[in-house]
Amino acid sequence: MQTVSQIDPLRQAVATLRQQGKIALVPTMGALHEGHLTLVRVARKLAAHVVVSIFVNPRQFGAGEDLASYPRPRERDLALLAGEGVALVWAPEVPDMYPAGYATNVSVSGVSDGLCGANRPGHFDGVATVVCKLFHQVLPDLALFGEKDWQQLAVIRRMARDLDLTRPCVADIIGVPTVREADGLAMSSRNAYLTGQERADAANLPRAMREAIAAIGTGEPVEGALEALRSALLAGGFASVDYAELCDADSLAPLATRGSAPARLLVAARIGKARLIDNMAA
Ligand code: PAF
């Protein structure tokens with residue numbers, strides 16, 4: 001496995017790999033867990049070579065968020081990726097990604113606006129900007145993202161369609177289902193912030209979501225089910241609920257009633273130092 005942190009060696013390494021077949025890109029911010037490794041394993045089945053980017057992207061963190069404390073276990077991450085047969089790790093530093101004078105922003109309106117976009121202004125601009133750059137840097141045949149960040153996936157798909165980044169120009173974008181702990185908690189690098197009791201309480205999030213989905217499925221009014229979900233989280237150790245919404249699975253438009261189109265329940269809630277997000281088909 002080769003690790004590069006400058007754009008010229010990256011382009012050379014990618015060009016060599018490309019001669020041998022398709023390239024899959026798995027963008028990450030490091031602090032890898034089983035969810036990331038699942039993306040790598042799926043990628044290995046779909047492409048000859050897997051390139052993983054590790055970059056804690058400052059543009060997607062707001063003021064007062066956890067940019068400085070975001071876990072950066074670089075040696076452990078590299079060992080895990082080597083064990084998964086990754087060909088190339090792209091690990092630029094901030095000045096390599098955003099050199100002095102950098103001035104361009106990619107902003108995807110509509111799908112970025114609600115949910116996490118409303119709670120974290122500028123977050124999805126940061127994600128869209130860095131993913132757009134990663135696509136141009138690596139020119140992958142396909143790129144894989146976890147469905148845990150459902151809104152992020154929707155933003156990236158919209159950006160890729162709007163900027164003509166999907167094949168044949170750049171990438172097929174593949175969403176991979178969320179990987180969960182035994183008690184149902186979605187895997188996340190931020191779960192590392194949870195203390196013992198908070199970690200136990202965090203399992204109330206997927207539990208309350210499943211209950212809300214079941215209630216909606218039996219015809220309970222959506223707002224009543226969402227209110228019960230919020231109350232269950234606050235009673236179950238969560239300090240606050242940023243949002244709990246039933247949305248159209250593609251446009252992310254909020255749904256007041258469960259229609260026939262695919263729907264998704266999306267929640268963000270705070271416990272201890274962590275802000276946890278999750279989503280499920282509803
Ligand atoms: O999901 C993440 O880890 C990040 O948002 C991503 C896609 C790597 C962009 O920084």
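Order of appearance sets the numbers: ligands from 1, and atoms from 1 within every ligand.
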message: Run the side-chain contact (heavy atoms from CB on, under 4.5 Å) test against E181 and tell me which residues pass, sequence neighbours left out.
response: D183, L185, M187, R199
statement: Quick note on ligand 1: atoms under 4.0 Å from a heavy atom of P27 include exactly 8 (C)
Salt-bridge criterion met for D278 and R180 (N-O under 4.0 Å): yes
message: With heavy-atom distances below 4.0 Å as the criterion, list the atoms of ligand 1 near T28.
response: 8 (C)
message: At less than 4.0 angstrom from any non-hydrogen atom of Q60, what atoms of ligand 1 do you find?
response: 4 (C), 5 (O), 9 (C), 10 (O)
field: Q152 neighbourhood, listing ligand 1 atoms whose heavy-atom distance to it stays under 4.0 Å
entry: 1 (O), 2 (C), 4 (C), 5 (O), 7 (C)
- request: For Q19, check side-chain contact (heavy atoms from CB on, under 4.5 Å) against everything at least two apart and list the hits.
  value: none
Ligand 1 atoms in contact with V130 (distance to a heavy atom under 4.0 Å): 9 (C), 10 (O)
query: Hey, is R44 close enough to E84 for a salt bridge, meaning N to O under 4.0 Å?
result: no
message: I'd like to know if the side chain of T28 reaches the main chain of G30, judged simply by a donor and an acceptor atom lying under 3.5 Å from each other, with no hydrogens or angles considered.
response: yes
